[in-house]
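What follows is a set of notes on a single structure, which appears directly below.
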Amino acid sequence: MDQYAVFGQPIGHSKSPMIHALFAEQTEQSLEYGKQEVSAEAFDAAVEQFFSTGGKGLNCTVPLKELAWERADKRSERAELSKAVNTLMLLGDGSLYGDNTDGAGLVRDLVVNNDITLKGRKILLLGAGGASRGILGPLLDQSPDSILVANRTVEKAERLATDFQQKGKVGSCGFDELAGKRFDLILNATAASLTGDLPPLPDNLLEPNGSCYDLAYGAEKTAFVRWGEAQGAVKSLDGIGMLAEQAAEAFELWRGVKPETGAAIEQLELLRG
Ligand code: ATR
């Protein structure tokens, strides 16, 4: 049977095997999808081992996305720009193709699942690390009015804005420059969520019909999702839907058939308890 897996560290709580098992059942594809704890040091050897023993495709998560980008022999345009790869696929000639489905997954969850318009909207993106780099291209492809990247380390936000300026209107600033500005959508891509922290945000950043979205998710509402609710966001969502959608994009790349994400998102919500 064709083998797929997710590599990362830690990997214990990964929901990807459950999601892909659901997709395989739904699309009647015969495949196995496992998970493997792989450190950055062990990455190259683990990839060789996997693809030389029946592996067809891999997902790579923290801290391996940049290494997967380096390892890929060919890359999609969106992966090239994001400098990160979350999906590897074995090609017929034995080479590895790298893609990044995170941004497309986020856009689909916003636009299709949650009816949040991006075209013409003012977007604030919090954070300027790998997660932000991975989603900026696909967000700009939706023709927003503008995206402002705010980061604790302002130079990193500036670098990101420069790298993507050919794709649309991208600005940069520090958190202390946000007061008085207004946005239709605020996306949190900082690692602060993972430790229950929040970037220092002023009140009244949201337009009256504005929404918030945290790329992170957890059993409980994240600090940013709660902040959004307190600020009166029409929707304040976490990244569960993005998780399912980026998986669906990877599945389609590997198998040529796009699964429906509704059941997977329902399962993920149930598991949240
Ligand atoms: P990732 O790949 O998840 O984006 P990263 O590249 O380490 O991880 O980037 C983490 C992001 O979260 C950065 O934008 C970081 O800000 P700095 O560039 O100033 O380090 C941001 N971040 C992490 N902890 C934060 C906190 N407590 N408050 C605000 N921003 C934080």
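We count ligands from 1, going down the list as the structure has it; atoms in each ligand are counted the same way. None of the values given here were measured: they were computed from a predicted structure. Values below: all heavy atoms of this structure, side chains included; hydrogens, waters and symmetry mates excluded.
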N/O donor-acceptor pair under 3.5 Å between Ser52 side chain and Glu48 backbone: yes
Ligand 1 contact on Arg152 by region, counting heavy-atom pairs under 4.0 Å: both
Closest candidate by heavy atom, reference atom 17 (P) of ligand 1, pool Leu125, Thr153, Leu201: Thr153
Min N/O separation Thr190 to ligand 1 under 3.5 Å: no
Electrostatic pair Arg108-Glu249, nearest N-O below 4.0 angstrom: no
Proximal atoms of ligand 1 relative to Gly130 (non-hydrogen, under 4.0 Å): 1 (P), 2 (O), 4 (O), 6 (O)
Partner of Ser236 under side-chain contact (heavy atoms from CB on, under 4.5 Å), chosen from Arg226, Lys221, Glu229: Glu229
Option nearest atom 3 (O) of ligand 1 (shortest heavy-atom distance, choices Ala131, Gly134, Ala192, Ala216): Ala131
Pairwise side-chain contact, Thr117 with Val111, heavy-atom cut-off 4.5 Å (strictly under): no
Carboxylate-amine/guanidinium proximity below 4.0 Å for Arg121 and Glu207: no
Proximity of Phe224 and Trp227 rings by center, below 6.0 Å: yes
Short N or O distance, Phe175 and ligand 1, threshold 3.5 Å exclusive: no
Residue and atom name of the nearest protein heavy atom (relative to atom 9 (O) of ligand 1), distance in Å to one decimal: Gly129 CA, 3.4 Å
Distance filter under 4.0 Å to Ala128 heavy atoms, resulting ligand 1 atoms: 14 (O)
Centroid-centroid under 6.0 Å between Phe7 and Phe50 rings: yes
Atoms of ligand 1 close to Gly127 [distance to a heavy atom under 4.0 angstrom, numbered from 1]: 14 (O)
